[in-house]
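Below is one structure; the comments refer to it alone.
Reminder, nothing fancy here: chain letters follow the sequence lines and each chain counts from 1. Heavy-atom basis, side chains included; hydrogens, waters and symmetry copies ignored.
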Amino acid sequence: MVIATTRPETLLGDSAVAVHPEDARYTHLVGKFVDLPLCGRRIPIVADDYVDPEFGTGCVKITPAHDFNDYEVGKRHDLEIINILTKQASINDEAPEAYRGLDRFEARKQIVADIEALGLLEKIEPHKLKVPRGDRSGVIIEPYLTHQWYVAVQSLADPAIKAVENGDIEFVPKNWENTYFAWMRNIQDWCISRQLWWGHRIPAWYDEDDKVYVGTDEASVRAAHGLGDDIILRQDEDVLDTWFSSALWTFSTLGWPDETEFFDKFHPTNVLVTGFDIIFFWVARMIMMTLKFTGQIPFKKVYITGLVRDENGQKMSKSKGNILDPIDLIDGISIEDLLAKRTADMMQPQLKQKIEKATKASFPDGIAAYGTDALRFTFYSLASTGRDIKFDLGRTEGYRNFCNKIWNAARYVMMNMEDKSVSDAAHHAPHFSPADRWIISRFEGTAKQIEECMESYRFDIAAQTLQEFVWNEYCDWYVELSKPVLWDDEANPEAAAAARFVLLSILEKSLRLMHPFMPYITEEVWQRIAPLLGITGDSIMLQPFPVPNADNRDEQAEESIEWIKGVIVGIRNIRGEMDISPAKTIKVFLRSDNQADKQRLDEARVFLQKLAKLESIDWLEPGATAPTAATQLHGQLEILVPMAGLIDVAAEQARLDKEIGKLEGGIKAVGGKLGNAKFVDNAPDAVVAKEREKLAEMESAVVALRTKREELAALA
RNA sequence: AGGCGCGUAGCUCAGUUGGUUAGAGCGCUACCUUGACAUGGUAGAGGUCACCAGUUCGAAUCUGGUCGUGCCUACCA
C-alpha cells in the first residue's frame with residue numbers, strides 16, 4: 001500500500017493504515033495487516049470516513065500519538081497509541097534503536113534515506129501546507145500526548161447562556177451576543193493546565209503509584225486522605241490557566257467569601273468594558289464562574305470596544321514590534337528611542353531589521369507629544385460600533401489642536417474679566433442679547449445630546465458633539481459675537497457684563513461637560529475660571545455633571561443667530577470668491593420682501609458690522625433700485641455688495657452661474673420626486689410638504705439670481 | 001475549510017427605525033499675522049456610498065449574488 005506523508009519520522013509511531021470504507025480499491029484489504037517498514041511491526045488496515053478517497057492514493061497512515069485527527073481515528077478503532085518523541089522532540093526509546101536520540105528533523109532525513117534504500121520510496125514531491133508554529137518562539141509544534149486537567153463545562157455554560165438570553169446581562173453593541181452564544185453553545189471542556197513556570201500550581205498531588213489527590217494544599221490533602229509523612233507526594237508540574245484564576249476576579253476582589261461587606265454592596269457591578277477578543281476568555285468564564293459560586297451575575301452590561309490596530313490595520317503585538325505605548329503618544333519619543341524600545345528583549349531577534357524598517361517608515365521623525373487629553377479624546381472619537389480601530393495619529397494631532405483651542409478661548413475669557421466681575425444669572429438675564437440666549441440654548445442642546453450619547457455608549461458621537469459645540473459654536477461664533485459688545489463696553493455696560501457672565505458660565509459648564517473626556521485641561525482651566533463665577537471647590541472632579549434643563553432652550557434666539565450667521569457667511573462668500581481683501585471694509589445693501597428680515601437687521605446690525613467688516617449696511621425697500629452688485633441670497637433676503645471698484649463683472653457672472661447651476665440641479669431632483677404621483681401618494685405628508693417647501697425656496701432663489709444675471713449682462 | 005465582520009472624499013472614520021442636493025477630522029487649493037488662538041482664521045475643491053441584480057414611490061441604509069479585505073476557530077495525510 002502506498003501512503004504519503006509530510007512527516008516521515010512519524011512512521012515510527014504508526015499503528016494503522018486507514019482507507020475509506022467505500023473505496024472499492026481497498027475494501028478487500030480492510031481487517032488485514034501490513035508490515036510497517038523499519039519498525040518490524042505489523043499494523044492493521046482500518047476503514048474510516050475520515051479518509052478522503054480522492055486525495056492521494058486514498059490510503060492514510062495513522063499516528064494516534066502525534067496527530068489530532070489520527071488520534072480520533074485511533075480511538076474509534078482502538079489502535080495502539082505510540083509516543084515516539086521526547087519533550088525535546090527527539091526520537092525516544094519507543095522507536096527502533098537506530099533512530100533513538102535523533103532530533104525529529106534528523107530522523108526525518110534518516111528515515112527517507114532508509115526507505116529509499118529498501119526500495120520502498122515511490123516519489124518525493126513538493127507539497128504546500130500550513131505548519132503550526134509557536135507564536136513566540138517560531139518553532140514548529142508537534143502534537144504530543146500528555147495528561148492535563150479539564151473542567152467539564154456544560155453545566156456551567158447552561159445558566160451562563162440563559163443569563164444573556166433573558167437579558168440579565170446585555171452586550172453593547174448587541175450583536176456581540178451572537179458571538180457569545182456561538183461560543184457558548186458549542187463549548188468544549190475547558191483545559192485548565194498550562195505549561196508555564198509562573199502562576200498558580202494546579203492543586204493536585206500524586207503518590208508514587210500516580211494516584212491523584214486534590215485539595216487546597218499538601219497538608220490538607222494528607223489530612224483528608226490519611227497519608228502519612230512516609231508517603232511521597234509530588235504536586236502537578238503545571239499551573240492553572242490564567243483565565244481560570246481571573247474568572248474569579250469579579251467577586252474575589254470584593255472580599256468574597258470571607259468579607260462580604262463590599263460584595264453585598266457592589267456586586268453585581270454595572271459595566272464590564274473589554275475588547276471582543278476577550279469575550280471567550282474572560283467574559284464567558286467570568287459569567288460562568290460567578291454564577292456558579294455566588295449565584296449572581298457578575299455585571300449587568302458588557303461594553304465591547306474595538307481592537308486598536310496599527311496604521312496598517314495589523315493587530316499590535318510585541319513580537320511584531322508594532323506596539324504603540326500610550327506614554328510615547330502623550331510625551332512624545334524620538335525615532336532612536338522608539339527603535340530601541342521596539343527591538344528590545346525580542347523573542348525572535350531575526351525580525352529586528354524588519355521592525356526597524358517598518359518603524360522608520362511609519363514614524364520617520366519619531367512621535368510628537370500630544371498630551372493625555374488629546375490621546376484620550378482620540379480613543380473616544382474612534383469608539384464607534386465597528387470592530388477595528390485603525391490608529392491614526394492625524395486624529396490625535398487634531399485633538400491636540402482642539403485642546404489648544406480650549407486653552408486660548410479660556411485666555412480670551414480671562415483677559416476680558418480683568419478688573420471686572422460678574423453677578424448671577426438672575427441679575428444679567430434682562431440684558432442678554434440674542435447671542436447670549438443663543439449660546440445658552442445651544443449649550444442645553446449639547447448637554448442633552450451628550451446625555452443620550454452616554455446612555456447609548458456612543459462616545460464617538462459624544463466626542464464629536466463636544467468638539468462641534470466648543471469649537472464651531474462657542475469659539476467660532478459666540479466669542480466673535482461677544483467682541484462688539486465687550487469692545488463697546490461704555491455704550492452699554494449692562495450688556496457687556498451680561499456677555500461676560502455668559503462667556504464665563506458657558507465655558508465653566510462646558511468644562512464640566514467635557515471633563516470625563518479631557519480630565520487634565522478641563523481641571524486646569526476650571527481652577528482658574530470657576531472662582532470668577534464665585535464657585536468654590538477643590539476640583540472639577542467634585543463638581544456636578546451638567547444636567548440638561550429644557551427651560552434654557554430658546555428657539556427664537558437660535559433663529560436670530562442662524563439668520564445673522566447666514567448673512568455673514570453670504571458676505572464672506574462674496575469676499576472670498578470675488579477676491580476682496582479681508583482688510584477692506586465694504587458697503588452692503590440688504591433687500592427683502594419679508595418684513596421679518598428688516599426687524600432682524602435692527603438687532604443684528606452691530607454684529608454684522610464687526611464680523612463681516614462692513615463700512616455701512618443699508619436697507620433697500622422692495623422695489624427700490626439697487627446699485628450694481630454681487631449678490632447672495634439668504635432665504636428671501638438679498639445681500640448686495642456694490643461692485644464699483646471692487647468686483648469684476650465676469651467673475652460675478654461666473655459666480656452666479658455656479659450658484660444657479662447648483663439650484664437647478666436641486667430643482668430637477670426635487671421636482672422629479674414631486675412630479676411622481678406615486679411619491680406624492682405614498683410618502684408621508686410631512687415628507688412631501690418638506691419637499692414642496694424646498695422646491696419653492698429653490699425656485700424663487702433661482703428666479704432672483706437669474707434676474708441679477710440678466711442685469712449684469714445688460715451692463716456688460 | 002467553517003464562522004463572524006468590513007468595503008462611504010487622497011487618508012482615518014460617522015451616517016439612528018429606508019425620506020439629504022451624502023457628513024466630520026486630517027490632507028489639498030487660494031487668501032489673511034484684525035486686539036484668544038498660524039497647534040489659527042476665511043473661502044473653496046474633492047464622493048456613480050466596491051460591483052451586479054432585486055424589493056420599494058424612494059436604497060449608502062433592506063434582500064440575494066460577485067469581487068476585495070480583515071478577524072476568530074479548525075487544519076489537510
*Looking for any heavy atom pair under 4.0 Å, which part of the strands does A:Lys613 touch: base, sugar-phosphate only, or nothing?*
nothing

_C1' spacing across the pair B:G54 / B:U61, given as an integer number of angstrom_ = 15 Å

_Rounded distance in Å between the C1' positions of B:U21 and B:U17_ = 23 Å

_Quick test of the criterion, 5.5 Å between centres and less than 30° between planes. Is A:Trp407 stacked on B:A36 or not?_
no

*Out of B:A77, B:C57, B:U21, which has the shortest distance to the side chain of A:Val60?*
B:A77

_Nearest atoms (heavy-atom pairs only) where A:Ile62 meets A:Leu79_ = CG2-CD1, 3.8 Å

*asked:* At 4.0 Å (heavy atoms only), tell me whether A:Lys694 reaches a base, stays on the sugar-phosphate, or touches nothing.
replied: sugar-phosphate

*What nucleotide among B:C57, B:A36, B:G35 has an atom nearest to a side-chain atom of A:Lys678?*
B:C57

*Does A:Lys673 put a side-chain nitrogen or oxygen below 4.0 Å from OP1 or OP2 of B:U21?*
yes

*So, A:Arg458 and A:Glu452, do they make that salt bridge, N to O below 4.0 Å?*
no

*Rounded to the nearest angstrom, tell me the gap between atom CD1 in A:Ile141 and atom C1' in B:C76.*
17 Å

*Minimum heavy-atom distance A:Ala499-A:Leu486, with the two atoms named*: CB-CD2, 4.2 Å

*Between A:Tyr474 (OH) and B:A36 (P), how many Å, whole number?*
13 Å

Do any N or O atoms of the protein come closer than 3.5 Å to N or O atoms of nucleotides 39-43 of chain B, and which pairs are they?
residue : atom : partner  : partner atom : Å
B:U39   : O4'  : A:Asn401 : OD1          : 3.2
B:U39   : O2'  : A:Asn404 : OD1          : 2.8
B:G40   : OP1  : A:Asn401 : ND2          : 3.0
B:G40   : O3'  : A:Lys405 : NZ           : 3.1
B:G41   : OP1  : A:Lys405 : NZ           : 3.1
B:G41   : OP1  : A:Trp471 : NE1          : 2.7
B:A43   : O3'  : A:Asn573 : ND2          : 3.3

*Salt bridge check: are A:Glu693 and A:Lys690 linked by an N-O gap of less than 4.0 Å?*
no

_Looking only at the side chain of A:Asp392 (C-beta and beyond, no hydrogens), which of the listed nucleotides B:U12, B:C57, B:U20 gets closest?_
B:U12

_Pairwise P distance, B:C37 and B:U42 [rounded to whole Å]_ = 15 Å

*Could you check how far OH of A:Tyr50 sits from P of B:C76, rounded to whole Å?*
7 Å

*Separation of A:Phe377 atom CZ from B:C26 atom P, in whole Å?*
13 Å

*asked:* Could you check whether A:Asp14 and A:Thr63, counting side-chain N and O atoms only, form a donor-acceptor pair closer than 3.5 Å?
replied: yes

*On a whole-Å scale, what distance lies between the P atoms belonging to B:U66 and B:G2?*
12 Å

_What contact category does A:Lys610 fall into here, base, sugar-phosphate, or nothing, at under 4.0 angstrom with non-hydrogen atoms?_
nothing

_Could you check whether A:Asp657 pairs with A:Arg655 (Lys NZ or Arg NE/NH1/NH2 to Asp/Glu carboxylate O, under 4.0 Å)?_
no

_Which residue lies more 5' along RNA chain B, comparing A:Val670 with A:Cys475 via nearest heavy atoms_ = A:Val670

*Taking the side chain of A:Arg395 as its heavy atoms from C-beta onward, which of B:A77, B:A36, B:C13 lies nearest to it?*
B:C13

_Looking at every non-hydrogen atom in both residues, tell me the closest pair between A:Pro37 and A:Leu11 and how far apart they are._
O-CD2, 3.5 Å

*May I have all residue pairs that pass salt bridge (charged side-chain N to carboxylate O under 4.0 Å, His left out) and include part of residues 410-420 of chain A, sequence neighbours excluded?*
A:Lys420-A:Asp489

*Whole-Å distance between B:A59 P and A:Phe679 CZ?*
12 Å

_Atom C1', compared across B:A59 and B:G18: separation rounded to whole Å_ = 6 Å

*Have a look at A:Met414 and say if it touches a base, only the backbone sugar-phosphate, or nothing, with a 4.0 Å heavy-atom cut-off.*
nothing

*asked:* If the threshold is 4.0 Å, N to carboxylate O, is there a salt bridge linking A:Glu142 and A:Arg7?
replied: yes

*asked:* Under 4.0 Å, heavy atom to any atom of RNA chain B: which of residues 454-468 of chain A qualify?
replied: A:Arg458, A:Gln464

*If you look at every strand shown and take non-hydrogen atoms under 4.0 Å, does A:Glu480 touch a base, only sugar-phosphate, or nothing?*
base

*Could you pull out the closest heavy-atom pair between A:Phe391 and A:Leu375, with the gap in Å?*
CZ-CD1, 4.0 Å

_Heavy-atom closest pair, residues A:Phe517 and A:Arg376_ = O-CD, 3.4 Å

_Dot-bracket line, read 5' to 3' along RNA chain B, where crossing pairs take [ ] and | marks a partner on another strand, Watson-Crick or G-U under 3.5 Å_ = (((((((..((((.....[...)))).(((((.......))))).....(((((..]....))))))))))))....

*For A:Phe68, answer base if it contacts any base atom (sugar-phosphate contacts may also be present), sugar-phosphate if it contacts only those atoms, and nothing otherwise; contact means non-hydrogen atoms under 4.0 Å.*
sugar-phosphate

_A:Arg104 bridged to A:Glu9 by N-O distance under 4.0 Å_ = no

*asked:* Please report the distance separating the P of B:C13 from the corresponding atom of B:G70, rounded so that it comes out in whole Å.
replied: 14 Å

*If a pair satisfies salt bridge (charged side-chain N to carboxylate O under 4.0 Å, His left out) and one of its residues is in residues 665-675 of chain A, list it, with sequence neighbours excluded.*
A:Lys673-A:Glu691

*Could you work out the separation of B:A50 and B:G7 based on their C1' atoms and round it to a whole Å?*
6 Å

*asked:* Taking 4.0 Å as the cut-off, does a side-chain nitrogen or oxygen of A:Lys483 come that near to OP1 or OP2 on B:C37?
replied: no

*For A:Ser482 and A:Leu503, which heavy atoms make the closest approach, and how far apart are they?*
OG-CD1, 3.9 Å

*asked:* Quick check: on RNA chain B, is the nucleotide nearest A:Asn676 upstream (toward 5') of the one nearest A:Val479, or the reverse? Name the residue that is more 5'.
replied: A:Val479

*Distance between the C1' atoms of B:U55 and B:A24, in whole angstroms?*
32 Å

*Rounded to the nearest Å, what distance is computed from the CG atom of residue A:Asp681 to the C1' atom of nucleotide B:G58?*
13 Å

*asked:* Just to be sure I understand the rule, does A:Ala669 reach a base, reach only the sugar-phosphate, or reach nothing, if contact means heavy atoms closer than 4.0 Å?
replied: nothing

_Just the rounded figure in Å: distance from C1' of B:C37 to CG of A:Asn416._
14 Å

*Pairing residues for A:Tyr370 by the ring-ring contact (aromatic ring centres under 6.0 Å, His included) criterion, not counting sequence neighbours*: none

*Which whole-number value in Å describes the distance from A:Trp487 CH2 to B:A36 C1'?*
10 Å

